[in-house]
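Scroll down for the structure; my scribbles are underneath it.
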Amino acid sequence: MVRAILGRALSSLLVVAGSSLLVFVIMYLLPGDPVDSLIDPSSATPEQIASLRHQLGVDRPLYVQLADYFGKLLQGDFGKSLLNSEPVLPKIVEHFPATLALAAASALLSVVAGVLLAVLSAVHRNRWIDVVARIVGLLGISMPTFWSGILLLLIFSVHLGWLPAMGSDGWRTLVLPAATLGLIGAGFIVRMVRNSMLEVVNEHFIVTLRSKGLSERSVMYRHALRNALIPAVTMIGMLVGEMLAGAVVIETVFSRQGIGRIVADAILAKDLPVVQGVIVFSAIVYVLVNLLVDISYSYIDPRVRRAA
Amino acid sequence: MRRRNSYSGAATLLLAVALVLSACAGGGNNGSGGNNNGASGGEAEASSAAPSAGQASAETPVQGGELTYALATSPDTLDPGRSGLAVASRVYRTIFDNLVVKDENNEIKPWLATEWTVSDDGLSYTFKLRQDVKFQDDTPFNAEAVKFTFDRILDPSTAAGNSAAALSPYTSSEIIDDYTIKLNLASPSRAFLVNLTQSTLAIVSPTAAKKYGDQFGKNPVGTGPFRFVKWEENAEIAVERNPDYHWGPETVSNQGPAYLDKITFKIVPEEATRIGSVQSKQVLAAETVPPQNIVALKSDPNFQLLQADTGGLPYTLFINQNKEPWNELKARQALQYGVDVGTIVKTLYLGTYQQAWSALTPGIFGYDASLENSVQPDAAKAGQLLDELGWTVGADGIREKDGKKLTLHYVDGSPNREKRNDIAVIVQQQLKKIGIQVDVEITKDVLTKVFKNDDYDIYGNSQVNVDPNALYQFYHTAAPGALGNLAHVSDPQLDQWLEQGAVEKDEAKRAEIYKNVQQFIKDNVVILPIYVFPYTVAASNSVKGLAFDSVGYPQFGGVYIQK
Amino acid sequence: MRESATAKAVLQKRKWELPALRSSGRRFELSRLFVAGAVAVIAFIALCAIAPQWIAPYSPTEMLADSLMQAPSAAHPFGTDYFGRDVFSLVVYGSRDSLFIGLMSVVVGGLVGGTIGALSGYIGGWFDTILMRIIDTLMTIPGILLALAIAAAMGPSLTNIVLAVASSAIPGYARVMRGQTMSINGRPYITAARSIGVSRFGIFRRHVLPNSLSPLLVMATLGIGSSILAGSGLSFLGLGLLKEIPDWGTLLSQGRGYLTVAWWICTFPGLAITLLVLAVNILGDWLRDRLDPKRKEA
Amino acid sequence: MERLLEINDLSVDFHTRRGLLRALSEVSLTIRRGETVCLVGESGSGKTITSKAVMRLLDYENGRIAGGRIRLDGLDLTALSQNELRSLRGKKMAMVFQEPMAAFDPVYTIGYQLVETIRRHETRSKKEAWEHAVSLLARVGIPEPRIRMKQYPGELSGGMLQRAMIALALSCGPELLIADEPTTALDVTIQAQILQLLQELKEEFRMSILLITHDLGIAAEIADRVVVLYAGRVAEQAPAAELFARPHHPYTRGLLDSVAALDTEKGEKLRSIAGSIPSLSALPDGCLFHPRCPFASDKCRNEAPPLISRNGRAAACWHTDKLLTATNAEKGSARQEIELLSEKLILAEKNPSASPFESPEASPDLFQVSGLRKFYRLKGSLPGRARAHIRAVDDVSFAIRRGETFGLVGESGSGKSTLGRVLLQLEKATAGRIRFGDRELTGLRGAALREVRKDMQMIFQDPYGSLDPRWNVGDIIGEPLRVHERLTASEKKERVARLLESVGLDASYANRYPHEFSGGQRQRIGIARAIALSPKFVLADEAVSALDVSVQAQVVNLLQELQEKLGLTYLFIAHGLQVVRHLSDRIGVMYLGKLVEIAPSRELFLRPAHPYTKALIASIPSADIGAKRERIALQGEIPSPARPPSGCRFHTRCPLATARCKEEEPELRTIGSEHVAACHYPL
């Protein structure tokens, strides 16, 4: 077991390294030169441009840059922003908690709401509850987030005055953004768990359970749901990725701090070290979460535990 | 690593970068003085002739409390010497003071300087300083601090922004005694004293500036009514009352310590969220209210809407004369007749913005009011002018000449600040009616597109400024590497007027010169002026005493919150 | 036939407590109703895209300066926007680019991702290992960031948005296609083909590929929706298009500032997106149910 | 005896997409206390629906009792609410299902699921319930029950799970036990164990058993009475002995023939039932069986026969009398045949060299296999360590002669299918040599290998999975032709038509798709594809196992017919020993990757030399009612091929094993003519 986890961790490390490599290469290949953003090309002399390129180190061959970047990365040095020479890592560390809080709250919300809706929907298949639950679920994945976010904001903040419209201090400011993002997650979960419930309900052992005289409640909640949730657990990893991505938009809408906004801005400014840093960082988070999911999966599902 | 020689143009670039990177405020931006183009998020500052639309209060101010104030964009840095953004000024104005201040009547009044004299040749200014002032870090304010502040702007390693342009043609300081200083200029300038009122030339604490170096923008220390507390990137900036303050200028209602304990500036770029946070009372005030909300908020008894006109160069569309056929006057005139600016302004700004008629805004010295209503849209005339040039209407309604379609490449920046993208949309439709196909390109990378590649037929820009001398940069034949002249206009007569205007001592003559300039610009259709931007603040009724200075920046010292 | 009348009566009386997961035949076929509705929506939107001039009452570019931000009325069923354009006509015309973004991203992403996945799954071995590591790696980069980076680098154009959205979807398609290819490759009829002596490529082309496509098809259907959403997200982040006839995402993104004063300007484009994505999702779900042998009802 | 369960005129409807379907029509049956009743029928006959109707589980599956009554101990089950039923299920009536692997919730321990049931019905403390469960597991013969309690279903073998399932069913002392195909998914050896257990438990718990099976052998073995269902109606019901001795319905008769006949001579044509079971949505008029009935008359076609009782038994047939006369006549001749056969055997024993059977000795070997091994690496084994392998085929040597049918039997996990696939080079051998004709196969690759494939073809177990669902029948059958021969479209069409006809299908079927066909028809399509290139050799891997009894016989006949016509050589792999015996000239028995015995078919069945072979044979339930013999039920289960026992691999289960067996691996030794076995102490 420990060995299996170690193995996973090792391959995860490779994936992280790979993703940073990939980003490096993509950003390298994309048109545009970070120097453009720093210097006025129409007035600068070629020497000035060359010297700036040299100072930034972008004049070296790709492999040298790569080696340099990874060498520093291994020492925990994420480099400095090209634009304001702020060190990248502290910047990420400063902004990550807000994004994490958002992602975690939305994931929690989507799991709770999603599972609830899915169960209602599956248990009352083809009844009106099913219809409502499915539509709610589908709406979650059918609405552009910035729109649903603004709608929620107008309703709950401006109109009803229940919750703050923006900011990233305190749980109250978390509610609306998390609800907006959670709606998406809930949509995915409803679909997944409902399908998986319907599949489980067709399994033979459900007939056995009924033939034992168990109440429908036990059959559905103690047995069917638990089985149906197992595949849904794998979704949590995916969900966290989804939430991190959603943060890019949501953080802007609700004026929250977070790495989503930082990376969006950095991409637009071709601030490579910042983009790199955030992506490597989020890749690490993604991989960690998935590793955790895999490990917990084997605890939840006895079949997997045996195979491991 | 970042050193700039050419002060005239580079700031533009940096402003663009700063906006693009609005999330990454801080001390990184290099550059020096100059203009503000549309790519940036706020107005570059300068002084303004327009009087503030402040709010006089008869009631007794309430001591204490916190004002929350939503900003539309994030400041780039709080270092006056380096900032390029108006939004930054609005924040650091609370922390810093200037030597002098300009009142509603364009008169220069004392602030940190008590009196001043100008040498006869106009090449040096001598200031007497207040002796009872100290910085928030307890550094004493004296001639040394003034010298340090201005020399620091000249120092290339500071990577000064707009401040360098404002300071020009300053060369050096002489400390006469602890509280007397003489500033030397390279050439006489009619604008220098006025420019000293600009927030970019605020006096900084030498101790702190040396200590923090390029991180001073994140740890600003001045003599202002508030002192810096914290800056959480993308979230908020907090300042608290400076209890020792008692040197406010006569232009503000409260010269003593501020009434407020604290101001928290929240950074809320999304319009709906910003307005929503005022409406939900999460913040007490929010700046830059979109026109449609202005209309709605004005009728809401729970809120007040404060408005201050900004002055300088209005938002104008520059027609690139390097491009055919726009190098021909008739073609530009066709645009002038074809674009119905009145409708545009009415449609988009719902009566909250003024239509611009000249290269200058109304409040500015030398503004030529006779130009107002001098241009009326006339599609038929436009068509006729184009016909004369040989552009005939083709089968698809677009004019052609020699098999070439008449197209106009309209470049605008993103995001859609002040609905400028929407202007493009309307212009596109209006010009389609006279047979011009407008290709609108919205780009984040204005820098490359417009300034580097010169790849546009029309590009819009504006600048908040005080003195008509601002026209120089935009309409004088461009020096190599200078970037302001977006229209690429080059006319000896125009150049001469602009040079004269910079030094002319006679007010009346000077006004006449600038009227000629404006007339020329209009007659030659160098630009299409569109609108004058008003700075707007929506606030709860409990916010009292919020006034604006001559530039349209809010003054927080007199603000209090009524319980 | 003698029916036990009492038993029947009892059964009917107790209907309410009959277990919930029974699917009674008397249930009105909701899912079918859903699908019919979805197909109708998609068909209508497709019609809008193909022949907007038949449906839209006004030109989408016509600006009626005297009727700005008019609430929905008989003359303007969806009201007018801040330019004085008829929102209904805008929505009708805007369907074209929205559908284009949705469809083309799916086609491009599906083709590339599908090819990678199919080859990886079928060839297997180190080839698979390497490709899948790359895909795993791509998966760790949030799609929107990839799209953002590509869109930012290449500038806003319809093609670039399609490319950006498509490339962020590639890993998903590759994964699914690979899984399906491997699953199909283990089917007895593949062994049968091998035992007959069909060549490796022949098996791939004739058996594996055709049988592996259905999950990809399902995913692609669902992907149309998410592509449109991703496109509108880019537009929100300022990388959208400014065309004479804006797509729905742009309409929505640009109209969002007017939500409190003229709700109809962005509500209708928003509803159009939601409706289309909803319809496409319903269709996708239905397709999956139809194509997944496990889920087929006996 | 008192009646425990009474079903009267039960009709069941199902809601489907195409509307209401009547799945069960006027079924009546009774079970007395202590009685075992078998419900027999092929798939689709309504056996399982009947059992679910009794449990009222139908309500959960689109089903509806449309008429009739079910009384359990006087209680009308059709009138009870689900709540009331819940207190009966598991308590008064309990059920055992076909697939033990799927019948347990995989995420809870066995113990949890047992205790859950006990505490649902009885007020016991958790501890008491736990102890009770342990004793139940012990009773059903599960070793180390305390450990098993804490294990998850996936950790137990199928046989163990079925025992646990039985324990679960017994946990609250039910009066009626419904067992739905309880042994179908299990190996014959385990099947025998389970059946024996059921019988014991019936006595001990004084239960009645309703046993549902398609296997007449099982019915013959344990039933007191048998009810035969056909297409949702009772065709016949009678005390077991009487039913097997004198079936009153042609369908029963047909079933008996299809099975019993498997004991007959190789080459003999089986008496199968023509056609296949009708689908519920397209039932014929009149007697449902008439399209397949040799006695069918116009009356049968128009009028459904009622179930007529006579002498304590009942049948629904207009022509019972005709049938009885015909049977009597045949019985005589059959007995003569058997006598003849035994005479021959006696002769053979006396004079082994002069075998009375035409020996295929003269024909040369088509396949020569020597030292063949196929190992699979276990997943998850880490590099650096000695790798764990599954030894699926371990040092196997034998030969298949030209023109013969070589049968291969063994329990699941014995490696027989792997052996077949390796022979056909569908998987690469780990070691060893395979000669096919005059070619060495193990080294062949690419085009050369594809060329050889023309001569060796395969018929698959799963008639559903082995046909590409997207191809029409013509393309499926034409695929080998397309690959290996250059034919014009019309030539190909012609060939396909001929192939279809040769497997007994209509040439017009070429344009249809696999899903439009029944299992038997699909298997015919598979056969047509296999013979399309006129191969020399055909591997039939469990080719009839998935088919209904009546259809099995048809396919077996077809295979034999084709062998004669085309001179094919077969390797016939099956776990059903009867079919293998009927088809094969020689049979090999595999156990844990080893061939333990090879002998001519009849010889093997009459004089098995290996104890394993003997146990296998003894496990076969026989439809012959007189054959209720004492069995050497094979104890235990087949060990994992990843860790095979030392010495003789069978020693762990062998009743005769000695210390030597534990240490020394027996070689294949000649026992008699053509007969080799790997046993230190051959029988």
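Protein chains get the first letters and strands the later ones, always in sequence-line order, with residue 1 at the start of each.
- The heavy-atom pair separating A:Trp147 from C:Cys266 by the smallest distance is NE1-SG, 3.6 Å.
- Both the backbone and the side chain of A:Leu139 come within less than 4.5 Å of a heavy atom of chain C.
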- prompt: When you look at C:Leu259 and A:Leu151, which way does the side-chain contact (heavy atoms from CB on, under 4.5 Å) test go after all the steps?
  reply: CA-CA 8 Å; C:Leu259 202 48; A:Leu151 284 179; 3.7 Å; yes
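- Here the CG-CE distance, from C:Leu275 to A:Met143, works out to 12.0 Å after rounding to the nearest 0.5 Å.
- Heavy atoms only, all atoms of each residue included: A:Pro144 and C:Leu252 are closest at CG-CD2, 3.4 Å.
- Contacts between C:Ile273 and chain A at a heavy-atom distance below 4.5 Å involve backbone atoms as well as side-chain atoms.
- A:Leu154 touches chain C through its side chain: at least one heavy atom from C-beta onward sits under 4.5 Å away, while N, CA, C and O do not.
- Contacts between C:Ser253 and chain A at a heavy-atom distance below 4.5 Å involve backbone atoms as well as side-chain atoms.
- With chain A as the partner, the residue from C:Ile282, C:Leu271, C:Ile134 showing the most heavy-atom pairs under 4.5 Å is C:Leu271.
- With rounding to the nearest 0.5 Å, the separation of CG in C:Leu276 from OG in A:Ser142 is 9.0 Å.
- Residue C:Asp285 holds its CG atom at 6.0 Å from CZ of A:Arg134, rounded to the nearest 0.5 Å.
- Looking at A:Ile141, the atoms closer than 4.5 Å to chain C (heavy atoms on both sides) sit in the backbone and in the side chain alike.
- Here C:Val277 is the residue among C:Val277, C:Val280, C:Ile228, C:Thr267 with the most heavy-atom pairs under 4.5 Å with chain A.
- Looking at C:Leu222, only its side chain comes within 4.5 Å of chain A, counting heavy atoms on both sides.
- At least one side-chain heavy atom of C:Phe236 sits under 4.5 Å from a side-chain heavy atom of A:Val253.
- The CZ atom of C:Phe34 sits 4.0 Å away from atom CD1 of A:Ile135, with the distance rounded to the nearest 0.5 Å.
- For A:Val248, the parts lying under 4.5 angstrom from a heavy atom of chain C are both the backbone and the side chain.
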